[in-house]
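Please read the structure below before turning to the comments.
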Amino acid sequence: MGFHLPSIRRRGDVPKGHVAVYVGENRKKRFVIPISYLNHPSFQELLSQAEEEFGFDHPMGGLTIPCAEDIFLDLTSRLCRS
C-alpha cells in the first residue's frame, strides 16, 4: 500500500487539481503536487519564504520554492499521510 510522494513530471503534464512547483536552492527540481497542499499552514510558510525571495516574479516560469529538496519532500510526505 504505502504512500505516494509528489512526482516529477514533464512540462505541461499537470493533472486537474494539481500545480507544478520548482523546489531547491541551487538546482531546482519540478514537482507536481495537489492544490490542497497550498492551504496547509506548513506549506503556507514555504510560500511566504518564496514571496520574500522572489515576490511575484518567479524565474522558472512557475511557483519557485527556495528550500532544500529534502525539507520539501519531508513536508509533502507528511501532508500526504494526513
Side-chain angles (χ1 to χ4, degrees):
M1 185 162 187
F3 60 90
H4 174 73
L5 289 176
S7 59
I8 300 171
R9 296 177 179 251
R10 295 185 318 268
R11 290 191 189 278
D13 187 20
V14 180
K16 187 174 183 172
H18 291 73
V19 63
V21 296
Y22 296 89
V23 178
E25 295 174 355
N26 296 318
R27 186 171 163 245
K28 309 246 185 306
K29 277 194 175 178
R30 184 175 185 261
F31 293 88
V32 176
I33 59 169
I35 289 175
S36 62
Y37 287 9
L38 301 178
N39 289 324
H40 192 278
S42 297
F43 207 91
Q44 288 286 318
E45 182 156 337
L46 287 180
L47 294 177
S48 292
Q49 291 174 13
E51 181 182 13
E52 286 177 23
E53 185 161 332
F54 299 110
F56 292 106
D57 180 28
H58 293 271
M60 299 294 292
L63 180 59
T64 305
I65 300 175
C67 75
E69 186 180 336
D70 60 334
I71 292 170
F72 178 80
L73 290 173
D74 180 59
L75 172 62
T76 55
S77 68
R78 284 187 281 126
L79 292 177
C80 183
R81 288 181 281 202
S82 61

Considering residues at least two apart in sequence or located in another chain, which fulfil the side chain to side chain contact (heavy atoms under 4.5 Å, CB included) criterion with Ser36?
->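 Testing Ser36 for side chain to side chain contact (heavy atoms under 4.5 Å, CB included), a comparison that skips the adjacent residues, returns Pro34.
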
Distance-only, no hydrogens or angles: does the His40 side chain make a donor-acceptor pair with backbone N or O of Leu38 under 3.5 Å? no

Trace of the side-chain contact (heavy atoms from CB on, under 4.5 Å) decision for Val21 with Ile33 = CA-CA 8 Å; Val21 296; Ile33 59 169; 4.2 Å; yes

Rounded to the nearest 0.5 Å, what separates atom [atom1] in [X] from atom [atom2] in [Y]?
X     : Y     : atom1 : atom2 : value
Ile65 : Ile71 : CD1   : CD1   : 12.0 Å
Thr64 : Lys28 : OG1   : NZ    : 6.5 Å
Asp70 : Ser77 : CG    : OG    : 11.0 Å
Leu46 : Glu51 : CG    : CD    : 13.0 Å
Leu47 : Ser42 : CG    : OG    : 11.0 Å
Tyr37 : Leu75 : OH    : CG    : 8.5 Å

Does atom CD (Glu45) have a neighbourhood of more than 12 heavy atoms from anything else shown, all under 6.0 Å? no

- Item | Flag side-chain contact, heavy atom, 4.5 Å: Phe31 against Glu69 |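 Yes, close enough: below the 4.5 Å cut-off.
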
Is there side-chain contact between Val14 and Arg30, with at least one heavy-atom pair below 4.5 Å? yes

* To do: Step by step, work out the side-chain contact (heavy atoms from CB on, under 4.5 Å) result for Leu79 and Phe43.
  => CA-CA 9 Å; Leu79 292 177; Phe43 207 91; 4.1 Å; yes

